[in-house]
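For ligands, and for the atoms within them, numbers begin at 1 and follow the listed sequence.
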Amino acid sequence: MYTPAMLLRKFPEGFLWGAATSAYQVEGSWNADGKGESIWDRFSHTNGRVARGDTGDLACDHYRRMKDDVGLMRELGLKAYRFSLAWTRILPEGRIRPEGRGGVNVKGLDFYDRLVDELAAAGIAANVTLDHWDLPQALQEEGGWENRDSAEWFADYARVAFDKLGDRVALWATHNEPFVTASGYGGGVFAPGLSDAAAGYRAVHNLNRAHGAALRAFREGGSQSGRPGGGRAGKIGIVLDLHRLLPASGSEEDRLACERATDNAQNVFLHPIFRGSYPEALMDWLGRLAPEIRPGDLELCAQKLDFLGMNHYFTCRVRYDCRGGLLKLAQDFVSEPGMGKTELGWGINPSGLLEQLSRVAPLAAGIPIYITENGCAMRDEPDGEGYVEDSGRVNYLRRHLVELHKAIESGIDVRGYFVWSLMDNFEWAYGYEPRFGLVRVDYSTQKRTPKLSARWYSEVIQDNAVGE
Ligand code: FCB
C-alpha cells in the first residue's frame, strides 16, 4: 500500500511480526470447565469498578472460538501470536500445594495445549505470557503479590505450563507490565483495587522475585510432559511497559521529578533484573515505604534473561508538582505536531519509540528486544458490513514502524513487533468502549471483521517492509 515515491524500509530477515491479546481481555468463559475466580473476575463483578459495569465474562468468546481465531491469524499472515495463560484455568485455586488445596485443572490446561497445537499447524510462533494481571482470587485472599510466598506459587504454576507447553512455545514472558500489576495494590485503578503505597512496593519486589523464581524453574528444565523433546525449547524474558519520559523543562526540580518517575515505573524492574539492585534515590525517597529486601532476594531477581519485551504506547513530559502525591510529580502526554491524540487521550509521538529503545538497549545488556505491544484506540466507525477504514490507526502503526526500523538501522537488536491488539477486546477498567483491534469485534454477534489496518499490516508482513 505504498507508492513508488515512498521509501521502503526493509526489516531483517526472520523479523517476527505478530499481534497480541491477553486471556482476561479476550477469552470469556470466566467460570467454564473448572476455571477458578481471578482478581479481575472479582474486580469487574464489583459495582463501580469498571466503566458501564462491563466484565470479561464473555469478552470475545475466544475460549470457544479459538480455532476460528487462529484461522483468522493465518489469513492475516501473522508469524507470531502473543497471548497469556489464565492462571485460574490451569490452577483454579492458584496452587498445586499443599495437597488437597488445589491442583491442575486438566480441561483448562488442555485449552492452551490445543491452542499451541493450532498455532503450530498454522506456522505461527507462540509467545506466551504467564501473568497478564489475572491473579487467582484464592491467592489474593492470602495477600496476593504482597505475600512473599507468591514467588513460589508463581514458579509452581510456571512449571506446570513449561512442562505441558514448553516443547512448542517459542517465547515465554513471566509478567506483563508488572508496574501496572503493582499499581493495583498502590494506586487502586486496577485489580485488586487497593490503595496502599507500601503494599504497592511490596508487590513490586515480590513480582521481581516471582519473575526470578520462574526463570530458575525454566532453567532447571526437566519435563514431565512425556512428549518427545518436551520441556523448554523456547526463550524466556519479561514484558515491561517502557514509555518515553522526558523532563518538562531544564529546571533541576523537573529533571529530578523525571528521574523519580523513571525509577518508579521502569527502573524498579530494569535495575533488579539487569543489575541486581534497586534505584537508590527512589528507595531513599520512599523511606519506610520501600520494600524489605532479604538476603538472596536480589540474586533471585537477577537471573539471566534471553530477551526483553517492551510495550510502548506514548511519551510523557514529567514536571515537579508539589501536590503530585507521594512522588510529587505530574505527567502530560506529548504529541508530534499533526498527530493528535488517541481515543483514550494518549499523545502520539512515534519518535519516542526510537528514543526509548536507545535508552533501554544499553540497560538490557546486549540481549534481544521485542516490541511486545504497540497500538492505539481510535474512534472506529464501521460501515453496514462492520468494516472499519481506520486510516488513523494505520498512520499510527506505520509511523512507529518507521521509527523502529531506524532503531534497528542504528544497531539496536530488535527481533520482532506485536500490534496491540489482534482484535477489539475488554480494555480493563475502561471496559469495551476503547477499541484497539486490527480486527473489529461486533460484541452482539461476535462477528470478526478485519479493518483496513489488518489488511495493511498483512502487506507489511508479506513484504517484510514498511513504506515511509
Ligand atoms: C497495556 C496492556 C494491555 C492493553 C494495552 C492497551 O498496558 O498490557 O493489556 O490493555 O495496554
- Message: Show the atoms of ligand 1 that are less than 4.0 angstrom away from any heavy atom in Gln25.
- Response: 3 (C), 4 (C), 9 (O), 10 (O)
- Item | Phe436: numbered ligand 1 atoms lying under 4.0 Å from its heavy atoms | 6 (C)
- Task: Report yes or no: is the cationic atom of Arg260 (NZ for Lys, CZ for Arg) under 6.0 Å from the centre of the six-membered ring of Trp285, at an angle within 45° of the ring normal?
- Result: yes
- Message: Let me confirm one number: the CG-OH distance from Asn311 to Tyr370, rounded to the nearest 0.5 Å.
- Response: 14.5 Å
- So which bit of Asn176 gets within less than 4.0 Å of ligand 1, heavy atoms only: side chain, backbone, both or neither? side chain
- Task: Flag the pair Arg393 and Asp380 as a salt bridge only when some basic side-chain nitrogen lies within less than 4.0 angstrom of an acidic carboxylate oxygen.
- Result: yes
- Note on the structure: If we number the atoms of ligand 1 from 1 as shown, the ones under 4.0 Å from a heavy atom of His132 are 2 (C), 3 (C), 8 (O), 9 (O)
- Can you list the ligand 1 atoms lying under 4.0 Å from a non-hydrogen atom of Glu427? 4 (C), 6 (C), 10 (O)
- Message: For ligand 1, which is the ligand I care about here, please tell me if Trp428 has any N or O atom under 3.5 Å from one of the ligand's N or O atoms.
- Response: yes
- Looking only at distances, please establish whether an N/O atom of ligand 1 is found under 3.5 Å from an N/O atom of Glu373. yes
- Do Asp413 and Arg415 meet the salt-bridge criterion of a basic N to acidic O distance under 4.0 Å? yes
- Message: As an exercise, identify every atom of ligand 1 less than 4.0 angstrom from a heavy atom of Trp133.
- Response: 2 (C), 7 (O), 8 (O)
- Sub-3.5 Å N/O-N/O distance, Ser22 and ligand 1: no
- Message: Salt bridge check, Asp68 against Arg448: does any charged N sit closer than 4.0 Å to a carboxylate O?
- Response: no
- Message: Check this for me - ligand 1, Glu177, N or O atoms closer than 3.5 angstrom, yes or no?
- Response: yes
- Query: Cut-off 3.5 Å, side chains only: do Ser38 and Asp134 have a donor facing an acceptor?
  - Reply: no
- Item | Asp424 and Lys451 ion-paired at < 4.0 Å | yes
- Query: Below 4.0 angstrom, N of the basic side chain to O of the carboxylate: do Arg168 and Asp113 qualify?
  - Reply: yes
- Note on the structure: min-distance protein heavy atom vs atom 5 (C) of ligand 1 -> Tyr313 OH, 3.2 Å
